[in-house]
Amino acid sequence: MNIYAEFHVRIAAILDRFAKQGRLPRDLDLARFVVEPPRDASLGDLASNAAMVFAKEAKATYANPRQLAADLAIQLTEEPEVDRAEVAGPGFINIRLKPRVFTDILREILVEGVDFGRGAAGRVAAAKINVEFVSANPTGPMHIGHGRGAVFGDALAGLVEFAGSQVTREYYINDAGAQVDVLASSAYLRYLEALGDKVTIPEGLYPGDYLKPVGAALAEKYGDRLRGKPEAEWLAPVRDLAIDAMMAMIREDLAALNITHEVFFSERSLHVRHNGVSDVEAAIDELRAKKLVYEGRLPPPKGQLPEDWEDREQTLFKSTDFGDDIDRPLKKSDGAFTYFASDIAYHRKKIEAGYDVLVDVWGADHGGYVKRMNAAVLALSGGATTLDVKLCQMVKLMRDGEPVKMSKRSGDFVTLREVVDEVGVDAVRFMMLTRKNDAPLEFDLARVIEQSRDNPVFYVQYAHARAHSALRQGRAAFADLDLSATRLAAADLALLSDESEQSLLKYLAQYPRVIESAAAAHEPHRLAFYLHDLASFFHSHWNRGKDQPQLRFVNQDSRDLTCARLALVTGLIHVLASGLSVLGVKAPEEMR
RNA sequence: GCACCCGUAGCUCAGCUGGAUAGAGCGCUGCCCUCCGAAGGCAGAGGCCAGGGGUUCGAAUCCCUUCGGGUGCGCCA
């Protein structure tokens, strides 16, 4: 149970009653007030600002928010779970719940296990969400920056899925532009090299060693049949094979991070004509039918004029109608469609697939592209589908505080694979989520494998392992002890009377709310921070047991007390394991 | 020149979509622990939330503006 959501409903019902009694206007927007944990836990378990939010509308009956709050508090006291409700400050209502509310939630956790919190977004969850992420060009191995987008996207997908949405993870393969021709040219040189020719990779082509196996594969498949032929003859076959090889490599890189996409969508497929018309053409036609496409001139950018600027008439999408700064070209000077035109067609396909929400995860260098994409989705869907573009900032790779040098082998960057191989998938995944997506991230290769509290990955996993250690001790102390969830759920949980046990218990109860708000905001880092805080509550409670043995989880003299405490420990295990699993991080039972 | 993102403790960052006395880790200071309830613990100092204006019961959060950083700026993707 999400007690915050639950009491939002209760308070809304009371307000509704007041409205029917004529004490409040009838058309209150009940979504406006919130129920949340109070600033200070000593104030109570729940706090609501309802009285202040509706103070204006209530003016006729209540002179000030405190009066309305007082009336609400009286009603709330009637609720069976409420111990007391009081007015504080300018009109907050602080609610203290009966202890059994929280022990009931612990029982719920024990019964539901790692499914506690699932579906927490409830009715506010979008039914169908598409998360498009990574979408690295198929021209080389993934680098650490791609890794951030990959982890972010995958964790976000896992999060909204857990919160109750139906999720599709999708990868958009940019296999249609000039960059794949450059890839083909690069691979062709490696092909000649594999045949024994001496080659140098000129400026502008991809120099990385990773294309050598592609050259070898081409040599194996075609022998010397492509040697000396005009580009027009070898370009397509070389390109196709090279793209396949690059995508295979990228899939492996993703697999190393435990990431799989359900859909790989080819940009090139959008240009293939079915019944004489391609998806791109169809999309542009649709916009044209909505009178959003015209032939016109664009003013040159202010400031320094690009050298090759040529004032010409072009095909433009009227994105300014939807909040963009300037209308955007759909065709290049050679008549081919721009990347934006393909992207419009791509998003149109996603809209047609019936998604309620589209999430695109991009690198921050694409920030200038957001407005036009939002404009396109708005124009095509009429607002029925919303697009949320999440920009991931750069990753600065460090080692002991010093920037890491680039690797020659891969071209000019540190590959994601190198990092994963060095520090492990869990460290990479969790660290990538310890920062907001739009804040730059420093990733220290030495730090993330430290076994200390400076290392958040270790800190959280260790809490889980420590909890299991407590269970093992319990088993050792009481050989016949049944630690199954059903047995523990039947324990006398009222024995959890210590202050830090209560804190831990109440923090566990917040899990569904964290899932809900993190999913709604599309911000998986909130879950990572919650897990870290939860671990922190547990570690500090554990540490108190050092000086005060009577607080330890296992108490030789009392089977009941031990059961109650191990019930709490098991609840913690479930929530930690659940949260880590949502983020795609392992929850080990012991640290080695 | 314009757009977008960012500016919070000495450092690295949270701050739950407008709430109460702005939080955590590192670092610093002071005590305690030192061997498996191991991979440290407790406490303390430290802030004009970049500056200025506005909106309202109430602003780190929303709007305007200045300053300072980052990213991008027809026909690349």
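Side chains included, hydrogens not; waters and symmetry mates left out as well; all remaining heavy atoms used. Below, chains carry the letters A, B, ... as their sequence lines are ordered, and counting in each starts from 1.
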Original post:
Where does the angle between the aromatic ring planes of A/Y459 and A/H539 fall among parallel (under 30°), tilted (30 to 60°) and perpendicular (over 60°)?
Top reply: tilted
B/rA14 to B/rC75 separation - P atoms, rounded to the nearest Å: 33 Å
Checking B/rC16, B/rU12, B/rG74 against the side chain of A/E310 (C-beta onward), the nearest is B/rG74
Atom CG of A/L270 and atom P of B/rA77 are separated, to the nearest Å, by 14 Å
Problem - Same-atom distance (C1') from B/rC4 to B/rG18, integer angstrom - result: 24 Å
Note, A/V160 side chain near A/H522 side chain (heavy atom, < 4.5 Å): yes
A/K56 has its side chain closest, among B/rA3, B/rA77, B/rC57, to B/rC57
Q: Tell whether A/S333 reaches the base of B/rC75 with its side chain through a donor-acceptor pair below 3.5 angstrom.
A: yes
Salt bridge between A/R348 and A/D279, side-chain N to carboxylate O under 4.0 Å? no
ask   = Is there side-chain contact between A/I243 and A/R268, with heavy atoms separated by less than 4.5 Å?
value = yes
Taking B/rC6, B/rA3, B/rA14 as options, the one with an atom nearest any side-chain atom of A/D438 is B/rC6
Does NZ or CZ of A/R328 lie under 6.0 Å from the centre of the six-membered ring of A/F317, at an angle within 45° of the ring axis? no
Side-chain N or O of A/H525 less than 4.0 angstrom from OP1 or OP2 on B/rG15? yes
- Any stacking of A/F92 on B/rA20, going by centres under 5.5 angstrom and planes within less than 30 degrees? yes
B/rC42 -> Watson-Crick or G-U wobble partner, both distances under 3.5 Å, gives B/rG30
| field | Whole-Å P distance, B/rA9 and B/rG23 | value | 14 Å
In whole angstroms, the gap separating C1' of B/rG19 from CD of A/E36 amounts to 7 Å
Next item on the list: With C1' as the reference atom in both, quote the distance from B/rC13 to B/rG51 in angstrom, rounded to an integer.
Entry: 23 Å
Rounded to whole Å, CG of A/L330 lies from P of B/rC75 at a distance of 12 Å
A/F430 CZ to B/rC13 C1', in whole Å, measures 14 Å
Regarding the side chain of A/D311, the nearest nucleotide among B/rC75, B/rG74, B/rA14 is B/rG74
Of A/K331 and A/V34, the one whose nearest nucleotide on RNA chain B sits closer to the 5' end is A/V34
- request: Answer yes when A/K318 and A/D321 have at least one side-chain N-carboxylate O distance shorter than 4.0 Å, and no when they do not.
  value: yes
In whole angstroms, the gap separating C1' of B/rA77 from CH2 of A/W362 amounts to 12 Å
B/rA20 base to A/N49 side chain: any donor-acceptor pair below 3.5 Å?
no
To the nearest 0.5 Å, atom OH of A/Y62 lies from atom CG of A/N64 at 11.5 Å
Using the P atom as the reference point in each nucleotide, state the distance between B/rA24 and B/rA45 in Å, no decimals. 12 Å
How far, in whole Å, is B/rG44 from B/rU34 if one measures between their P atoms? 23 Å
_Whole-angstrom distance between B/rG47 and B/rG19, as gauged at atom P_ = 25 Å
Pull out every protein N or O sitting under 3.5 Å from an N or O of nucleotides 32-43 of chain B, one pair per line with the distance.
unit_1	atom_1	unit_2	atom_2	d
B/rG37	O2'	A/R552	NH2	3.2
B/rG37	N7	A/Q473	OE1	3.3
B/rG37	O6	A/F553	N	2.9
B/rG37	N2	A/W542	O	2.3
B/rG37	N3	A/W542	NE1	3.3
B/rA38	OP2	A/K546	NZ	3.0
B/rA39	O3'	A/Q451	O	3.3
B/rA39	O2'	A/Q451	O	2.5
B/rA39	N7	A/Y462	OH	2.1
B/rA39	N6	A/Y462	OH	2.7
B/rA39	N3	A/Q451	OE1	3.3
B/rG40	OP1	A/R453	N	3.4
B/rG40	O2'	A/K546	NZ	3.3
B/rG41	OP1	A/R453	NH1	3.2

- prompt: Does OP1 or OP2 of B/rG15 have a side-chain N or O of A/K436 closer than 4.0 Å?
  reply: yes
**Report entry** Between B/rU71 and B/rG27 - C1' atom distance, rounded Å
**Finding:** 31 Å
A/D365 (side chain) and B/rG72 (base): donor-acceptor pair under 3.5 Å: no
Regarding B/rU17, purine or pyrimidine glycosidic angle vs 90° from 0 gives syn
Of the listed B/rA3, B/rC16, B/rU17, the closest approach to the A/R526 side chain comes from B/rC16
Here the gap from A/Y462 atom OH to A/Q451 atom CD, rounded to the nearest 0.5 Å, amounts to 9.0 Å
By nearest-heavy-atom nucleotide on RNA chain B, the more 5' of A/A178 and A/P38 is A/P38
task = Begin from the C-alpha positions of A/F152 and A/F133 and carry the test ring-ring contact (aromatic ring centres under 6.0 Å, His included) through to its verdict.
result = CA-CA 8 Å; A/F152 175 84; A/F133 62 109; 9.0 Å; no
